[in-house]
Amino acid sequence: MSETVRIAVPNKGRLRAPAIELLQAAGLSFEATDRALSVRVNNADIDLLFVRTEDVPELVADGVADLGITGVDLLAESGADLPVLLELSFGRCRLAAAVPNGSELDSIEDFAGKRIATAHPRVTSRFFADKGIDVTVVPLRGSVEVATKLGVADGIVDLVSTGSTLRVNGLREVGTLLESQAILVSGGRGNGAVDRIATAIGSVVAARRKRYLLLNAPLEAVDTIAALIPGLTAPTVMPLAGGEMCAIHSVVDADDVWHLLPRLEEAGGQGILVLPIEQLIP
Ligand code: AMP
């Protein structure tokens with residue numbers, strides 16, 4: 001009998017919805033209700049454990065879960081030394097150092113001898129220690145951005161994505177400690193089932209960066225067009241009835257589509273279609 005694989009998934013916060021969406025896009029059939037702590041996947045021998053995002057590294061390290069979805073920042077803060085199987089391309093943010101607008105501090109080096117409030121004390125302490133900069137870290141659980149107003153710190157280290165929360169609180173960024181995004185971590189006890197899940201999830205992440213491109217073109221334009229869209233190996237070229245035109249199919253980077261379309265038209269491409277890809281295993 002096969003062994004059930006357990007995946008630790010954020011139960012709330014900003015990583016929950018995209019994590020659930022990713023698992024469903026990878027082919028796992030389940031219903032995530034707000035309250036369930038554990039959900040059985042209908043079409044595979046998998047249990048999803050809904051836990052706090054910051055608890056995921058610990059639960060995977062302890063072997064309670066085989067795989068987990070969390071943030072780079074939370075893995076670093078946990079101190080757990082877990083293999084990162086995949087970067088998931090959502091939950092992007094940076095752990096940044098910031099100071100009040102009127103502060104004389106202007107760089108990471110200026111923090112020497114200062115107090116820094118943060119919900120990431122381990123990462124912050126290690127970052128400054130590695131640089132040989134002596135700081136006092138003030139650990140806080142939340143509301144880090146008000147710490148300087150309250151007089152408990154000279155600056156903060158906090159997660160930033162757009163920077164608008166910092167601005168609203170009269171703070172400006174002076175340096176980055178860590179770039180973060182959501183990741184799939186494993187406990188390193190890989191087996192066939194764990195590998196298959198990672199491959200399926202990875203196929204969705206890879207597919208999101210790609211598009212399937214179809215177009216028709218006169219035979220004499222095929223070489224020019226094939227050079228523009230080489231695809232995963234080579235574009236598929238199929239003759240159309242009538243003998244003068246062919247259909248060309250290829251996979252392209254989503255980011256390149258904008259620049260490719262006018263060039264394909266110029267080269268003689270017609271009836272150009274750009275389609276999303278659900279999963280891609282190279
Ligand atoms: P939450 O559960 O909503 O507090 O979010 C937890 C994780 O979401 C963080 O540890 C980060 O990995 C990620 N995240 C992405 N963008 C941000 C952001 N702007 N602020 C805080 N966390 C973020």
Side-chain angles (χ1 to χ4, degrees), residues 7-23 25 32-39 48-61 64-65 67-100 116-127 137-149 153 155-186 201-202 204-205 208-209:
I7 310 177
V9 184
N11 65 352
K12 55 183 180 204
R14 60 187 84 215
L15 300 188
R16 173 186 158 94
I20 289 173
E21 198 195 309
L22 176 63
L23 293 171
T33 58
D34 271 352
R35 288 159 158 254
L37 299 178
S38 159
V39 167
L48 305 179
L49 311 180
F50 286 92
V51 299
R52 285 164 18 129
T53 319
E54 59 263 47
D55 290 340
V56 168
E58 184 71 34
L59 293 171
V60 174
V64 175
L67 291 167
I69 294 177
T70 188
V72 167
D73 59 306
L74 296 172
L75 175 61
E77 189 57 30
S78 77
D81 186 17
L82 298 176
V84 175
L85 298 188
L86 294 169
E87 294 182 329
L88 302 178
S89 292
F90 61 85
R92 284 186 194 278
C93 57
R94 57 193 179 275
L95 193 60
V99 296
I116 305 175
T118 183
H120 291 75
R122 182 194 289 258
V123 177
T124 303
S125 301
R126 198 184 321 136
F127 175 84
V137 173
V138 181
L140 292 180
R141 294 301 288 258
S143 306
V144 170
E145 57 284 349
V146 299
T148 55
K149 277 188 205 132
I156 66 165
V157 164
D158 204 5
L159 291 171
V160 180
S161 44
T162 61
S164 60
T165 308
L166 288 185
R167 276 195 294 281
V168 167
N169 286 287
L171 298 160
R172 68 184 155 83
E173 257 179 276
V174 292
T176 300
L177 284 73
L178 183 86
E179 298 283 349
S180 185
Q181 64 175 298
I183 45 175
L184 180 73
V185 292
S186 91
I201 294 174
V204 176
V205 177
R208 286 176 175 170
R209 297 193 198 110

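Order of listing sets the numbers, starting from 1, for every ligand and every atom in it. We number each residue from 1, following the sequence as shown.
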Q181 and S89: side-chain contact (heavy atoms from CB on, under 4.5 Å), yes or no, with the steps? CA-CA 6 Å; Q181 64 175 298; S89 292; 4.1 Å; yes

Nearest 0.5 angstrom please: [X] [atom1] to [Y] [atom2], how far?
X    : Y    : atom1 : atom2 : answer
I116 : L140 : CD1   : CG    : 12.0 Å
L23  : I69  : CG    : CD1   : 4.5 Å
L159 : L74  : CG    : CG    : 7.5 Å
S180 : R92  : OG    : CZ    : 10.0 Å
N11  : L48  : CG    : CG    : 12.5 Å

Salt bridge check: are R122 and E54 linked by an N-O gap of less than 4.0 Å?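 Salt bridge between R122 and E54, a charged N being under 4.0 Å from a carboxylate O: no.
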
Under 4.0 Å from a heavy atom of [X]: give me the atoms of ligand 1 that qualify, with their elements.
X    : value
G71  : 12 (O)
G91  : 15 (C)
L74  : 10 (O)
L159 : 9 (C), 10 (O), 11 (C), 20 (N), 21 (C), 22 (N)

If hydrogens are left out, which of N11, T70, D73 has an atom nearest to atom 12 (O) of ligand 1, that is, the closest non-hydrogen atom?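 Result: the heavy atom closest to atom 12 (O) of ligand 1 is in D73.
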
Nearest-neighbour protein heavy atom for [atom], which is reported as residue plus atom name and distance:
atom                    : answer
atom 19 (N) of ligand 1 : S161 OG, 2.7 Å
atom 8 (O) of ligand 1  : R14 CG, 3.3 Å
atom 2 (O) of ligand 1  : G13 CA, 3.4 Å
atom 16 (N) of ligand 1 : C93 CB, 3.4 Å

How does R92 reach ligand 1, if at all, at less than 4.0 Å between non-hydrogen atoms: by side chain, backbone, both, or neither?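 For R92, the contact with ligand 1 is made by the backbone alone.
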
Kindly check if the number of other-residue, nucleotide or ligand heavy atoms within 6.0 Å of NZ (K12) is above 12? no

Output yes when a protein non-hydrogen atom is found under 4.0 Å of atom 4 (O) of ligand 1, and no otherwise. no

